[in-house]
Amino acid sequence: MLINTKDQITTTQATLIVWNTIIGVGILMSPREIATKVGTPDGWISVLLGGFIALLAGYILAKLSQRFPGQTFYQYSQIVAGKFLGKVHGFILIIYYTFFAGYEVRGMGELIHMYLLQNTPIEVIIIAFISVVTYITVEGANPIARICEFFFPVIFIIILVLCAFSFGDFELDNVRPVLGDGVMPVLKGVQSTALSMGGFDVMLLFTAFMKEPNKAVKATLLGIGLIIPVYTLIVVVSFGVLTVDDIQTLTWPMVEVSKSIELPGGFFERFELLLLILWVITIYTTVICYYYVASLGLGQLFQKDHKKFVYGLLPVIYIIAMYPDNLNSVFKFGNYLGYAAMGIVGIMPSYFLIIAKIRRKGLGKN
């Protein structure tokens, strides 16, 4: 595949694509999931350990993609493992990306329906959102990269503002003692970070669009590295303002945290609206990246323009988003995707890299 010059992205843009794709649903769901699994105030340690594992997986994934500059996983997988097995793995990845996009869309719809548009059917919310996502997805890699570049400071500033104002209700005793129940509860919480740390796997595709593909490792690790302190801060603030027991009973802990923020004189109220704005933006950037790499994969496997598959996947993503019966089913759906992420992101790039080195496929270095 020859990459059009207009589709090329810089190293900084690749870093921000990773950052924006990861942040998604996990920014609101991760405190509850971690509190449920860990059951102690040490959830933030689980995030750090999960982040370290993500860095290791991201390194392997980026090293694999660097061996095949200008090619996506859908293309070089057929070189490494043969056409049949390569296409099978490509379809597995497409299914994963499509289901993840549907999950993210449903999560957005549930929260907006609960807090902003109670009288609007969730189907209408989801259809409107997917339509806006489709508008940018058909344009290709570079417009998506510029969207991520534009929204990064907005998301980052809103997170810092919300966390800074939340410290007024922060109780240090809520996050102590450290390792009071040993290491085992912390290790149980690491699995919960798999879903919230997922997203850097899009570099299996976006590396092909980089002007300097030899910097894919740098972009991937930096993108993951920037998200680890953000998630750690969110978990610490949630645990400090609320308690571990309270968080386990709340659907959206960070929304409750933002509701507790009060400024003197009533200068600004309803901070949860600021959080909901943040939520919609993060879901938007995450979904467009997953939507694009899924449609691009279909386009490359069938040797057609990806734009046709963008429109073809639209009803599929809608059906996936609407499949869970209720919010509990959505959470279970997310857990299954977390397990899939560990297998697809943690294992598949590893054995493809080993096979590529054994068979001497691709470049040793760029």
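Quick caveat: nothing in here was measured; it's all calculated off a predicted structure. Atom set for the values below is all heavy atoms of this structure, side chains included, hydrogens, waters and symmetry mates excluded. One-based numbering along the sequence shown.
Distance check, rounded to the nearest 0.5 Å: NZ of K211 to OG1 of T11 gives 9.5 Å. L221 contributes atom CG, which lies 9.5 Å from atom OG1 of T15 (distance to the nearest 0.5 angstrom). Atom CD1 in I355 sits 11.0 Å away from atom OG in S350 (nearest 0.5 Å). Remark: L276 CG to L111 CG distance equals 5.0 Å, nearest 0.5 Å. T12 contributes atom OG1, which lies 7.0 Å from atom CD of E149 (distance to the nearest 0.5 angstrom). Of the inter-residue distances, the one linking I60 atom CD1 with L55 atom CG reads 11.5 Å to the nearest 0.5 angstrom.
In this structure, V88 is not a member of the same hydrophobic cluster as I354, with clusters built from ILVMFWY side-chain heavy atoms closer than 4.5 Å. Y135 and L314 fall into different hydrophobic clusters, where Ile, Leu, Val, Met, Phe, Trp and Tyr side chains are chained together by heavy-atom contacts under 4.5 Å. By the rule that hydrophobic residues join a cluster once side-chain heavy atoms approach within less than 4.5 Å of another member, V235 and L172 end up as members of one cluster. A single hydrophobic cluster is not seen to contain both V124 and Y323; linkage of ILVMFWY side chains at heavy-atom distances under 4.5 Å, directly or through other members, places them apart. Linking Ile, Leu, Val, Met, Phe, Trp and Tyr residues whenever their side-chain heavy atoms come within less than 4.5 Å leaves I95 and Y336 in two separate clusters.
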**Prompt:** Which is it for I317 and I126 under the side-chain contact (heavy atoms from CB on, under 4.5 Å) test, yes or no, and what are the steps along the way?
**Reply:** CA-CA 10 Å; I317 291 177; I126 288 176; over 6 Å; no

**Asked** Given W19 and I155, is the side-chain contact (heavy atoms from CB on, under 4.5 Å) satisfied, shown in steps?
**Response** CA-CA 11 Å; W19 192 89; I155 297 171; 3.6 Å; yes

**Request:** Could you check F52 against I228 for side-chain contact (heavy atoms from CB on, under 4.5 Å), going step by step and ending with a plain yes or no?
**Result:** CA-CA 9 Å; F52 175 77; I228 293 173; over 6 Å; no

**Request:** Show your working on side-chain contact (heavy atoms from CB on, under 4.5 Å) between I283 and F129 and close with a plain yes or no.
**Result:** CA-CA 10 Å; I283 294 296; F129 183 79; 3.6 Å; yes

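Across K361 and R67, no two heavy atoms sit closer than the pair O-NH2, 2.9 Å. Y292 and G140 make their closest contact through CE1-CA, 3.7 Å (heavy atoms, listed as atom of the first residue, atom of the second, distance). Minimum heavy-atom separation, V330 to P324: CG2-CB, 3.7 Å. Counting all heavy atoms, side chain and backbone alike, C289 lies closest to T21 at SG-OG1, 3.3 Å. Scanning both residues, I34 and G43, for their nearest heavy atoms gives CG2-CA, 3.5 Å. The minimum heavy-atom distance linking A145 with I17 is given by the pair CB-CD1, 3.8 Å.
Side-chain atoms of N142 come within 3.5 Å of backbone atoms of Q8 as a donor-acceptor pair (strictly under, hydrogens ignored). At distances below 3.5 Å, at least one donor-acceptor pair connects side-chain atoms of Q75 with backbone N or O atoms of T72. The main-chain N or O of L204 is never found under 3.5 Å from a side-chain atom of T207 such that the two would form a donor-acceptor pair. Remark: the backbone N or O of T285 is not paired with any side-chain donor or acceptor of N20 at under 3.5 angstrom. Here the side chain of T220 pairs no donor or acceptor atom with the backbone of V217 at under 3.5 angstrom. Although no hydrogens or angles enter the test, the distance criterion places no donor-acceptor pair under 3.5 Å between the side chain of R32 and the main chain of P253. Side-chain N or O atoms of Y74 include one that pairs as donor or acceptor with a backbone N or O of V293 at under 3.5 Å. In this structure, the side chain of D246 does not engage the main chain of V244 through any donor-acceptor pair within 3.5 Å. Counting only distance, with no hydrogens or angles, the side chain of H306 and the backbone of L298 share no donor-acceptor pair below 3.5 Å.
Proximity of Y290 to V202: side-chain heavy atoms (C-beta onward) are separated by under 4.5 Å at one or more points. L93 has its side chain within reach of Y97: a pair of non-hydrogen atoms, C-beta onward, lies under 4.5 Å apart. In this structure the side chain of Y284 reaches within 4.5 angstrom of the side chain of F151, judged on heavy atoms. At a threshold of 4.5 Å between non-hydrogen side-chain atoms, the residues V230 and F156 count as touching. The shortest distance between side-chain heavy atoms of V287 and M108 does not fall below 4.5 Å. A 4.5 Å side-chain heavy-atom check between I127 and I130 finds every atom pair outside the cut-off. When side chains are defined from C-beta on, L116 does not count as touching I125, because their heavy atoms never get closer than 4.5 Å. With contacts defined as side-chain heavy-atom distances shorter than 4.5 Å, the pair M322/I122 qualifies.
Environment of CD in Q118: crowded, with over 12 heavy atoms of neighbouring residues, nucleotides or ligands closer than 6.0 Å. Atom OH of Y318 has more than 12 neighbouring heavy atoms from other residues, nucleotides or ligands inside a 6.0 Å radius. Heavy atoms of other residues, nucleotides or ligands lying less than 6.0 angstrom from CZ of F150 number 12 at most. Counting heavy atoms of neighbouring residues, nucleotides and ligands inside a 6.0 Å radius, atom CZ of F152 exceeds 12 of them.
In this structure, R106 pairs ionically with E110, as a charged nitrogen and a carboxylate oxygen lie closer than 4.0 Å.
Using cut-offs of 30° and 60° for the angle between ring planes, the F91 and F302 rings count as perpendicular. Ring geometry, Y76 versus F73: the interplanar angle exceeds 60°, so the pair is classed perpendicular (tilted spans 30 to 60°).
Remark: E139 pairs with no residue by the side-chain hydrogen bond (donor to acceptor under 3.5 Å, both in side chains) rule, at least two apart or across chains.
Counting only residues at least two apart or on different chains, the side chain to side chain donor-acceptor pair (under 3.5 Å) pairs with a member in residues 38-54 are T40-D42.
Between F100 and Y96, the distance separating the two ring centers is shorter than 6.0 angstrom.
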